[in-house]
Engineer: 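Sharing a structure, written as structure tokens. Questions coming.
For the numbers below, each heavy atom of this structure counts, side chains included, while hydrogens, waters and symmetry mates do not. Within every chain, numbering begins at 1; the chains are lettered A, B, ... in the order of the sequence lines, protein sequences first and strands thereafter.
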There are 2 protein chains.
Amino acid sequence: MSELRQPAPANDRETATHRDDKLELRLWLRLLTCSNLIEQNVRGALRLQFDTTLPRFDLLAQLDRAPDGLTMSELSARMMVSNGNITGLADRLVEEGLVKRTPSQRDRRSSHISLTPAGKKAFDAMTPVHESWVDRMMAGLSRQDMQQLFQLLGKLKQSVHQNAVDADQGEKK
Amino acid sequence: MSELRQPAPANDRETATHRDDKLELRLWLRLLTCSNLIEQNVRGALRLQFDTTLPRFDLLAQLDRAPDGLTMSELSARMMVSNGNITGLADRLVEEGLVKRTPSQRDRRSSHISLTPAGKKAFDAMTPVHESWVDRMMAGLSRQDMQQLFQLLGKLKQSVHQNAVDADQGEKK
DNA sequence: CGATATTATTTTAAGTATAAAATAAATTCC
DNA sequence: GGAATTTATTTTATACTTAAAATAATATCG
């Protein structure tokens with residue numbers, strides 16, 4: 001019903017949508033707008049302040065949370081990107097000396113990727129700053145807003161998982 | 001095994017986050033997860049059913065909403081991608097015959113991009129199916145959930161705009 | 001008018017991303 | 001044990017994406 005008007009012109013994808021479009025579609029477009037907006041801010045700030053990229057930071061963050069390292073497949077699943085993508089990304093980070101590969105003893109197909117001391121150090125320098133950017137961008141939301149949003153997004157996540165459009169859907173031989 | 005099996009362990013980025021992390025960060029990661037999840041579903045479905053890509057579909061959708069066509073800059077702003085990106089994307093769609101360029105009379109630097117009849121036809125075939133995918137993915141949310149989520153994301157969007165990290169921030173000559 | 005700045009777009013170089021095929025190692029199942 | 005399958009990863013080809021530099025046209029201002 002009563003819709004909050006934006007203060008800025010904001011000529012983006014979802015603002016251009018007609019107001020009587022389907023709610024689901026408008027919601028998806030707004031979600032995408034928010035995601036892109038934050039992502040681009042973080043990307044730009046990472047470049048300016050640390051001369052690095054979001055995928056690299058993301059990979060380091062995954063490894064920081066997994067002190068024993070991760071396999072390529074685990075990284076691929078957590079970062080939600082293709083496995084081939086991880087190969088190249090990891091290669092670049094190995095070259096930069098921030099990450100190392102350790103061949104697995106139990107399975108000669110796979111290797112564990114983990115932070116080098118330099119990688120740990122670099123990540124530790126970036127993460128509090130990164131966190132402050134995110135805090136700042138969300139400063140307009142109350143604690144309660146954030147909790148509610150978090151909860152609703154949890155519901156959405158579950159819904160998407162359950163109603164996925166792709167591949168192994170519907171058919172089960 | 002029961003039909004009501006849980007939809008996979010979900011070993012993604014934000015599930016791996018510790019539960020006592022900052023709320024802002026968890027919110028951002030969950031937002032990103034939702035966005036990626038939907039995006040990847042749509043991308044895969046577009047390829048399977050229409051042999052096209054999300055950026056192409058997105059560009060066609062922008063043009064469909066703007067019957068008089070758009071300039072490269074307008075497309076860039078609405079799609080939230082770099083201007084150089086639009087150049088290549090539009091080139092490919094022109095080659096496919098879905099889009100045409102008309103040099104602007106008033107400004108020899110710019111051209112208007114618009115749908116060809118073939119482009120309009122292709123888009124009209126895709127959009128209801130696309131909408132049904134989105135509806136389906138959000139089927140787990142009630143009408144009220146969606147309205148609330150939409151409203152909270154509006155607040156978030158505004159907050160990010162107001163507290164942007166990048167470029168012309170803080171300094172103002 | 002003419003210098004300077006701004007705006008619209010393209011080009012360039014490098015990085016990121018995907019899907020699909022290829023490779024190779026482990027697992028399963030006669 | 002060995003064939004067939006599955007799993008982990010890399011390679012390939014192509015598309016997408018960005019930032020920054022280049023180009024070119026328009027606008028501004030003294």
Engineer: Could you please name the option among D:dC16, C:dA17, D:dT9 that lies closest to any side-chain atom of A:Thr71?
Structural biologist: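 Closest of the options to the side chain of A:Thr71: D:dT9.
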Engineer: Nearest nucleotide by nearest heavy atom, which residue falls closer to the 5' end of DNA chain D, B:Gly84 or A:Ser110?
Structural biologist: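 Per heavy-atom nearest nucleotide, the more 5' residue is A:Ser110.
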Engineer: So what does B:Thr87 touch, heavy atoms closer than 4.0 Å: a base, only the sugar-phosphate, or nothing?
Structural biologist: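 Base contact - B:Thr87 has a heavy atom under 4.0 Å of at least one base atom.
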Engineer: Using atom CD1 of A:Ile86 as one end and atom P of D:dT11 as the other, report the distance to the nearest whole Å.
Structural biologist: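 Computing the A:Ile86:CD1 to D:dT11:P distance gives 15 Å.
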Engineer: What is the distance, rounded to the nearest whole Å, between atom CZ of A:Phe57 and atom C1' of C:dG15?
Structural biologist: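 Checked: the CZ to C1' distance equals 18 Å.
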Engineer: Look at the side-chain N and O atoms of B:Thr53 and state whether any lies under 4.0 Å from the OP1 or OP2 oxygen of D:dC16.
Structural biologist: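 So the side-chain polar atoms of B:Thr53 do come within 4.0 Å of the phosphate oxygens OP1 or OP2 of D:dC16, strictly under.
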Engineer: The test is salt bridge (Lys or Arg N to Asp or Glu O under 4.0 Å); show your working for B:Arg136 and B:Glu131 and say whether it passes.
Structural biologist: CA-CA 8 Å; B:Arg136 176 171 165 182; B:Glu131 204 167 300; over 6 Å; no
Engineer: Can you identify which nucleotide, out of C:dT16, D:dA19, D:dT9, has its nearest atom closest to the A:Leu89 side chain?
Structural biologist: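 For the A:Leu89 side chain, the nearest candidate turns out to be C:dT16.
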Engineer: Looking only at side-chain N and O atoms, does B:Gln40 offer a donor or acceptor that is under 3.5 Å from a partner on B:Asn36?
Structural biologist: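 Looking only at side-chain atoms, B:Gln40 and B:Asn36 do not form any donor-acceptor pair under 3.5 Å.
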Engineer: Regarding B:Ser82, tell me which of base, sugar-phosphate or nothing describes its non-hydrogen contacts under 4.0 Å with the strands shown.
Structural biologist: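 It contacts base atoms.
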Engineer: Between A:Val81 and B:Ser111, which has a closest nucleotide on DNA chain C that is more 5'?
Structural biologist: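 Its nearest nucleotide lies further toward 5', so the answer is B:Ser111.
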Engineer: From the options D:dC16, C:dA8, C:dT11, select the nucleotide whose nearest atom is closest to the side chain of B:Arg56.
Structural biologist: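 Output: D:dC16.
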Engineer: Kindly say if A:Asn83 contacts the phosphate of D:dT9, meaning a side-chain N or O under 4.0 Å from OP1 or OP2.
Structural biologist: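 It does not, given that no N or O in the side chain of A:Asn83 lies less than 4.0 Å from OP1 or OP2 of D:dT9.
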Engineer: How close or far is atom C1' of C:dA8 from atom CZ of B:Arg78, stated in whole angstroms?
Structural biologist: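 Going from CZ in B:Arg78 over to C1' in C:dA8 covers 16 Å.
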Engineer: What's the CG-P distance between B:Leu59 and D:dC16, to the nearest Å?
Structural biologist: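 Result: 11 Å.
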Engineer: Ignoring the backbone of B:Arg47, work out which of D:dT26, C:dA20, C:dT10 is nearest its side chain.
Structural biologist: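 Per side-chain heavy atoms of B:Arg47, the pick is C:dA20.
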Engineer: Just the rounded figure in Å: distance from P of C:dT9 to CZ of B:Arg106.
Structural biologist: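 Whole-Å distance recorded here is 12 Å.
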Engineer: Which listed nucleotide (C:dG15, D:dT10, D:dC16) is nearest to the side chain of A:Arg92?
Structural biologist: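 From the listed options, C:dG15 comes nearest.
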Engineer: Look at the side chain of B:Asp107 and decide which nucleotide, out of C:dT16, C:dT10, D:dA25, has an atom nearest to it.
Structural biologist: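 Per side-chain heavy atoms of B:Asp107, the pick is D:dA25.
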Engineer: Looking only at heavy atoms, which two atoms of B:Ser35 and A:Ser35 are closest? And how far apart?
Structural biologist: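 Nearest heavy atoms, B:Ser35 then A:Ser35: OG-OG, 3.4 Å.
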Engineer: With a 4.0 Å cutoff (strictly under), does any side-chain N or O of B:Arg108 reach OP1 or OP2 of C:dA8?
Structural biologist: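 It does not, given that no N or O in the side chain of B:Arg108 lies less than 4.0 Å from OP1 or OP2 of C:dA8.
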Engineer: What's the closest nucleotide to the side chain of B:Pro55 if the choices are D:dT10, C:dT9, D:dT17?
Structural biologist: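 The nucleotide sitting nearest to the side chain is D:dT17.
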Engineer: Using OP1 and OP2 only, check whether a side-chain N or O of B:Asn85 sits under 4.0 Å from D:dT18.
Structural biologist: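 It does, given that an N or O in the side chain of B:Asn85 lies less than 4.0 Å from OP1 or OP2 of D:dT18.
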Engineer: Would you indicate which nucleotide in D:dT7, D:dA25, D:dC16 comes nearest to any side-chain atom of A:Arg109?
Structural biologist: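 From the listed options, D:dT7 comes nearest.
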